[in-house]
Visitor: 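Starting off with a structure, shown below.
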Number of protein chains: 2
Amino acid sequence: MSASHTPEDVHDRCAHCVGRRLSVCSSIDDCDLAILANESSRMTVSDGRSFIEEGAPANDFFVVTGGRVKLFTLLPDGRRQITGFAKGGDFLGLAASTSYAFGAEALGGATLCRFPHAGMQRLTERFPSLEHRLREEASRELALMQARMTLLGRKTARERVATFLIERCQNLEKPDLSHPVELDLPMPRTDIADYLGLTIETVSRILSAFKKEKLISIRSITHITLLMPERISTIAEGME
Amino acid sequence: MSASHTPEDVHDRCAHCVGRRLSVCSSIDDCDLAILANESSRMTVSDGRSFIEEGAPANDFFVVTGGRVKLFTLLPDGRRQITGFAKGGDFLGLAASTSYAFGAEALGGATLCRFPHAGMQRLTERFPSLEHRLREEASRELALMQARMTLLGRKTARERVATFLIERCQNLEKPDLSHPVELDLPMPRTDIADYLGLTIETVSRILSAFKKEKLISIRSITHITLLMPERISTIAEGME
DNA sequence: TACCAGACTTGATTCAGGTCAATGTGATGG
DNA sequence: CCATCACATTGACCTGAATCAAGTCTGGTA
């Protein structure tokens, strides 16, 4: 019998998880971690594999514990809107009643912690603060989506790309725009385009234009440095 | 001293409210209505008046008890994205952490019930099911927003207007698309345009086109009949 | 070291929807 | 009953981003 089933290890699984620090799990006391661990299970998803099917019955919540994930909705003819990128600590599955309102797939490999709805309900009954934490998470997400709707409905292509770059900065631990910022863009251009409601050609052209204007430097496809973050931020708000 | 301050009347105020049937208040038992009433206050907002300022400190939740309300975000230069229309029973204020992520104003006069955050917290502590209900509300809203992002990011003008018409149908009590449907559009074209990420001219042109194609008939500016709701629905999904 | 496949960039052209400019309409009030 | 005003519609034209079509770069592999 493997050691991985002892209570201590189950406890540790949660104790050392990013979700413990960042996600809804932070609303649970250390001494109760075993209960949390018992209601959840780990899973690994390899690059490009889908683990939430849009429209499928919504049976689970997920916490991203490692890697990255993209969320999207599709139109019948294949047009795709990426509604968000998730990273370690992010909570997935709130935008669902009986069926998921979005699909999800791994972006370069991801690890997840899965909470079946039934287990989550047992947890929220036992730890009422968890329910509050879930609502906070939903509120935060709602506020982000308001901004994204403004982006998609009212911003120009240039403003969208600038907004995207600034958003990536704000995902960093030190969101300081007063100095150059090095960014890692783990997603392909196609995903950026589908996130911004543009085509890949337009995204590419605008990044090239920013480079020509010395606003950014492109060290490699995935590695971009914002040379003038504050100017980019100004562009993002439509005030250039 | 007016009778309006007796406990019975306070109770009645909630008992006869649309929110009682439709909104988060439905998670409270009849016998506790006085407690609910005590944490809330009624207010009236006249046409076009704003009652939530985007970016202002978020101190209250609101339930729409009558009339209609529009929610929006603004860019510094005045471009506006309407993020939703709310009607009787709808809950407002979840998309806010410390400050509101959106502005709100009445569309032709509205009545609201205001819940200060502090009072709402007392209520959720006393009635844990209310917290759950708030989360459900947030989830419902999140699912709607996913669809709206797809609309704004990936649909054509024609598909957007068709989607808007179908959404209006689904707000009705009998969402039956197999027969002609009479719709009331209480909002001006400007608002429809800002909701769909289009200009008012484009909205107007597409409605005229739908009329020419015998998909709708326009009885007056605010009164439209969908003659072939299912065909409009097909257009809305991009499958025409 | 050269080849290949997939992802990205760049250029030329097109077109959906925006902008600008009349014109129409219907509610209100003198 | 007409003038006014705000809103909506329609038309002519323009433009930002999409589409179509070559290139180019990169990393893997033989």
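Numbered from 1 within each chain, the chains take letters A, B, ... in sequence-line order. Values below: all heavy atoms of this structure, side chains included; hydrogens, waters and symmetry mates excluded.
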Visitor: Send over the distance from A:Arg79 CZ to C:dA16 P, rounded to a whole Å.
Guide: 13 Å
Visitor: Answer yes when A:Asp191 and A:Arg80 have at least one side-chain N-carboxylate O distance shorter than 4.0 Å, and no when they do not.
Guide: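 Yes, A:Asp191 and A:Arg80 are salt-bridged.
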Visitor: Flag the pair B:Arg189 and B:Glu201 as a salt bridge only when some basic side-chain nitrogen lies within less than 4.0 angstrom of an acidic carboxylate oxygen.
Guide: no
Visitor: Would you call A:Arg154 and A:Glu159 a salt bridge, using N to O less than 4.0 angstrom?
Guide: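 Result for this pair is no, no salt bridge flagged.
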Visitor: Rounded off to whole Å, could you give me the CG-to-P distance for the B:Leu196 and C:dA16 pair?
Guide: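 Between P of C:dA16 and CG of B:Leu196: 19 Å.
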Visitor: Let me know, please, whether B:Pro188 or B:Lys212 comes out on the 5' side of the other along DNA chain D by nearest nucleotide.
Guide: B:Pro188
Visitor: What is the distance, to the nearest angstrom, from the CD1 atom on B:Ile216 to the C1' atom on D:dT9?
Guide: 13 Å
Visitor: Rounded to the Å, how far apart are A:His223 NE2 and D:dT26 P?
Guide: 15 Å
Visitor: For C:dA7, does OP1 or OP2 lie under 4.0 Å from any side-chain N or O of A:Thr190?
Guide: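 False: A:Thr190 side-chain N/O out of range (4.0 Å or more) of C:dA7 OP1/OP2.
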Visitor: List every contact pair, protein side and nucleotides 16-20 of chain D side both N or O, where the distance is under 3.5 Å.
Guide:
residue	atom	partner	partner atom	Å
D:dA17	OP1	A:Ala157	N	2.8
D:dA18	OP2	A:Thr199	N	3.4
D:dA18	OP2	A:Thr199	OG1	3.0
D:dA18	OP2	A:Thr202	OG1	2.3
D:dT19	O4	A:Arg205	NH2	2.7
D:dC20	N4	A:Glu201	OE2	3.2

Visitor: Quickly work out the A:Ile221 CD1 to D:dT24 P distance and round it to whole Å.
Guide: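 After rounding, the reported distance stands at 16 Å.
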Visitor: Could you check if a side-chain atom of A:Ser217 sits within less than 4.5 angstrom of a side-chain atom of A:Phe210, using non-hydrogen atoms only?
Guide: no
Visitor: Salt-bridged, B:Lys70 to B:Glu105, with N to O below 4.0 Å?
Guide: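 Looking at B:Lys70 and B:Glu105, the cut-off is met.
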Visitor: How close or far is atom P of C:dG11 from atom CD1 of A:Ile200, stated in whole angstroms?
Guide: 16 Å
Visitor: A:Arg189 CZ to C:dT9 C1': how many Å, rounded?
Guide: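 Computing the A:Arg189:CZ to C:dT9:C1' distance gives 9 Å.
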Visitor: Counting the atoms with a prime plus P, OP1 and OP2 as sugar-phosphate, which does A:Ser208 contact under 4.0 Å by heavy atoms, base, sugar-phosphate, or nothing?
Guide: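 Sugar-phosphate only.
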Visitor: Expressed in angstrom and rounded to an integer, what is the separation of B:Leu107 atom CG from D:dC7 atom P?
Guide: 13 Å
Visitor: Can you check side-chain contact (heavy atoms from CB on, under 4.5 Å) on A:Val69 and A:Phe51, steps first, answer last?
Guide: CA-CA 10 Å; A:Val69 150; A:Phe51 61 96; 3.8 Å; yes
Visitor: I want to confirm an ordering. Mapping A:Arg219 and B:Ile218 to their closest nucleotides on DNA chain D, which one lands closer to the 5' end?
Guide: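 Nearest nucleotide further toward 5': that of B:Ile218.
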Visitor: Is there a donor-acceptor pair closer than 3.5 Å between any side-chain N or O of B:Gln81 and the backbone N or O of B:Tyr195?
Guide: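 Confirmed, B:Gln81 side chain pairs with B:Tyr195 backbone.
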